[in-house]
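Presented below is the structure to which this report refers.
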Amino acid sequence: IKWQKELINKNYSTKYIQSMHELFNRFYTFAGTIYGLNYNPLKIVGRAKNQKKNTPKMNVWEIDEFNKFMSVIEDPMDQCLFRLLYMTGMRKGECVVLQWKDYDGYTIQINKTYSKISKEITYPKTDNSIRKIDLDTKTCEMLNNYLKICKDYDGYSDDKYIFGFHKPYSFTTLKRRKDLYIEKAGVKYIRIHDFRHSHASILISKGIPITAVAERIGDTVETVMNVYAHLMKESNEKIKNLLNEI
C-alpha cells in the first residue's frame with residue numbers, strides 16, 4: 001500500500017501504475033509456480049488508481065458512424081480486424097493474437113492475449129476472459145473471404161495469425177491505421193478500446209441482459225455495471241416509461 005501511494009504521489013497515470021502492479025504480480029505468480037510461494041500481496045491490496053489523473057472519456061460509435069468508418073477501408077485484413085473489434089467487443093490484445101485455429105467458421109475462441117508490459121503472448125487477463133464468441137453472419141462472410149486469400153500465401157497453416165500472419169499485428173500499427181481511417185471517413189475520434197465500449201453499449205441499449213453482455217466481452221457483471229452505469233440509468237428510465245404506458 002505504501003508503494004502504491006508512492007507511485008500515486010509521483011503523479012503517474014493510473015494506466016502506468018496498474019502496469020507496474022501487473023509486472024509485480026507476474027513476479028509473485030512466478031515465485032508461486034516455481035518456488036511454491038503462497039503469498040501475493042498484490043492480490044490482497046488490489047489495484048491502485050490515481051484519482052488526480054482524469055480518466056479518458058468514453059466515446060462510442062453508433063452503427064451509422066461505424067459503417068461510415070468501414071466504407072473507407074479497402075484492405076481485407078483491416079476490414080475484418082475493425083469489424084471484429086466492433087462486433088465482438090474483444091480487447092485489442094485478444095484480437096491481435098487470434099490464430100486461424102481459433103475460428104471455426106461461426107465462432108471465435110478467446111484463450112490468450114498480448115501483454116504490452118512483457119511484450120509476450122500470455123494467459124488472458126482473467127478467467128472470465130476465456131470465452132467463445134458467436135459471430136454475426138456478415139462478419140463470418142468477411143472472415144471466410146479473407147481466409148481464402150490467406151490460404152494462398154506461402155506457408156499458410158491454421159497456426160498463422162489472422163491479423164499479421166507470421167506475427168501479431170502491432171498495437172502501434174493498429175492505432176495508426178485506425179487514426180488514418182477515422183480521418184478519411186470524417187467521423188469522431190475514438191480509441192481502440194472504445195470499439196469495446198461501443199459494442200457493450202449497443203447490447204445494453206437493446207435490452208440484452210447484463211449477464212450475457214459480461215459473458216460476451218469477458219468481464220464480470222459487477223465491472224459491466226460499474227463501467228456502463230450511465231446506460232443502466234437510461235435503461236431504467238425506458239422501463240419506467242414503458243410501464244407508465246400500460
Side-chain angles (χ1 to χ4, degrees), residues 61 63-125 128-185 187 190-200 202-203 215-218:
W61 274 345
I63 190 65
D64 58 332
E65 293 174 293
F66 172 68
N67 287 336
K68 190 173 181 181
F69 170 81
M70 289 292 292
S71 69
V72 303
I73 305 177
E74 297 180 358
D75 184 278
M77 181 176 71
D78 285 352
Q79 288 177 344
C80 290
L81 173 59
F82 289 110
R83 183 171 180 87
L84 207 56
L85 286 170
Y86 189 83
M87 298 301 289
T88 67
M90 69 175 66
R91 301 173 180 92
K92 64 180 179 180
E94 297 169 341
C95 190
V96 298
V97 296
L98 286 174
Q99 297 166 282
W100 282 114
K101 64 183 178 182
D102 299 321
Y103 172 62
D104 63 6
Y106 306 95
T107 65
I108 284 286
Q109 178 71 47
I110 304 296
N111 50 34
K112 54 190 174 296
T113 189
Y114 179 79
S115 171
K116 188 176 180 180
I117 300 169
S118 65
K119 301 189 184 303
E120 296 175 342
I121 297 175
T122 65
Y123 190 78
K125 187 177 180 180
N128 291 326
S129 299
I130 300 177
R131 62 202 188 278
K132 183 176 285 188
I133 305 175
D134 291 313
L135 302 179
D136 62 281
T137 302
K138 186 172 181 179
T139 299
C140 290
E141 290 175 352
M142 291 178 68
L143 281 169
N144 291 339
N145 289 333
Y146 176 51
L147 176 57
K148 292 177 183 178
I149 296 173
C150 290
K151 284 185 174 180
D152 288 335
Y153 294 159
D154 289 337
Y156 169 81
S157 73
D158 63 3
D159 284 324
K160 297 302 181 184
Y161 296 103
I162 297 179
F163 307 114
F165 202 67
H166 293 297
K167 61 180 182 180
Y169 208 92
S170 75
F171 287 167
T172 302
T173 302
L174 180 59
K175 181 181 183 304
R176 178 172 54 80
R177 302 290 283 182
K178 181 262 299 179
D179 290 349
L180 174 64
Y181 296 137
I182 284 178
E183 184 177 356
K184 281 187 175 182
V187 292
I190 68 171
R191 304 164 301 160
I192 292 296
H193 198 68
D194 288 325
F195 281 74
R196 178 175 173 82
H197 290 320
S198 297
H199 183 71
I202 289 173
L203 298 183
E215 182 178 351
R216 184 171 177 84
I217 67 175

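One finds a salt bridge joining Lys175 and Asp179 here, because a Lys/Arg side-chain nitrogen approaches an Asp/Glu carboxylate oxygen to under 4.0 Å. Between Glu74 and Lys184 there is no salt bridge, since none of the side-chain N atoms of the basic residue sits less than 4.0 Å from a carboxylate O of the acidic one.
Between Asn144 and Tyr103 the shortest side-chain heavy-atom distance falls below 4.5 Å. When side chains are defined from C-beta on, Glu94 does not count as touching Lys112, because their heavy atoms never get closer than 4.5 Å. In this structure, Glu65 and Ile190 have side chains that are not in contact, with every pair of non-hydrogen atoms separated by 4.5 Å or more.
Across every non-hydrogen atom of Thr113 and Gly93, the tightest pair is OG1-C, 3.2 Å. Across Ser129 and Arg91, no two heavy atoms sit closer than the pair OG-NH1, 3.1 Å. Closest non-hydrogen pair, Cys140 versus Gly105, comes out as SG-O, 3.4 Å. Scanning both residues, Gln99 and Asp159, for their nearest heavy atoms gives NE2-O, 2.7 Å. Residues Phe66 and Phe82 approach most closely at CE1-O, 3.8 Å, considering heavy atoms. For the pair Tyr123 and Ile130, the tightest heavy-atom approach, listed with the atom from each and the gap, is OH-CD1, 3.0 Å.
The CG atom of Asp78 sits 9.0 Å away from atom CE of Met70, with the distance rounded to the nearest 0.5 Å. The CG atom of Asp136 lies 14.0 Å from the OH atom of Tyr106; values are rounded to the nearest 0.5 Å. Taken from CG in Asp158 to CG in Leu147, the straight-line distance is 9.5 Å, to the nearest 0.5 Å. Atom CD1 in Ile217 sits 8.0 Å away from atom CG in Leu203 (nearest 0.5 Å). From His199, atom NE2 reaches atom CG of Leu85 across 11.0 Å, with rounding to the nearest 0.5 Å. Atom SG of Cys80 is separated from atom CD1 of Ile149 by 8.0 Å, given to the nearest 0.5 angstrom.
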Determine whether Asp75 and Leu81 satisfy the following criterion, side-chain contact (heavy atoms from CB on, under 4.5 Å), listing intermediate values before the conclusion.
CA-CA 10 Å; Asp75 184 278; Leu81 173 59; over 6 Å; no
One pair to check against side-chain contact (heavy atoms from CB on, under 4.5 Å): Thr88 and Thr139. What are the steps and the verdict?
CA-CA 10 Å; Thr88 67; Thr139 299; 5.8 Å; no
Go through Arg83 and Lys138 one step at a time and tell me if the side-chain contact (heavy atoms from CB on, under 4.5 Å) criterion holds.
CA-CA 9 Å; Arg83 183 171 180 87; Lys138 186 172 181 179; 3.4 Å; yes
Would Tyr86 and Asn67 count as a side-chain hydrogen bond (donor to acceptor under 3.5 Å, both in side chains) if you check the C-alpha gap in whole Å, the side-chain angles of each, and the deciding distance to 0.1 Å?
CA-CA 10 Å; Tyr86 189 83; Asn67 287 336; over 6 Å; no
Could you walk me through whether Tyr169 and Cys95 pass the side-chain contact (heavy atoms from CB on, under 4.5 Å) test, one step at a time?
CA-CA 9 Å; Tyr169 208 92; Cys95 190; over 6 Å; no
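Under the 3.5 Å distance criterion, the side-chain polar atoms of Gln109 are matched with a main-chain donor or acceptor of Arg131. Side-chain atoms of Tyr146 do not come within 3.5 Å of backbone N or O of Gln79 as any donor-acceptor pair. A donor-acceptor distance shorter than 3.5 angstrom exists from the side chain of Asp194 to the backbone of Arg191, with no hydrogens or angles considered. No donor-acceptor distance shorter than 3.5 angstrom exists from the side chain of Arg196 to the backbone of Lys92, with no hydrogens or angles considered. When atom types are taken as modelled, the side chain of Asn145 and the backbone of Met142 share no donor-acceptor pair closer than 3.5 angstrom.
The side chain to side chain donor-acceptor pair (under 3.5 Å) test with Tyr181 singles out one residue from Lys178, Arg177, Glu183, and that residue is Arg177. For the pairing with Val97, the side chain to side chain contact (heavy atoms under 4.5 Å, CB included) check across Asp102, Thr122, Ile110, Ile121 returns one residue only, Ile121.
Applying the 6.0 Å contact sphere to CD of Glu215 captures no more than 12 heavy atoms from other residues, nucleotides or ligands.
Using the six-membered ring where Trp is involved, Phe69 and Trp61 have ring planes that are tilted, between 30° and 60° apart.
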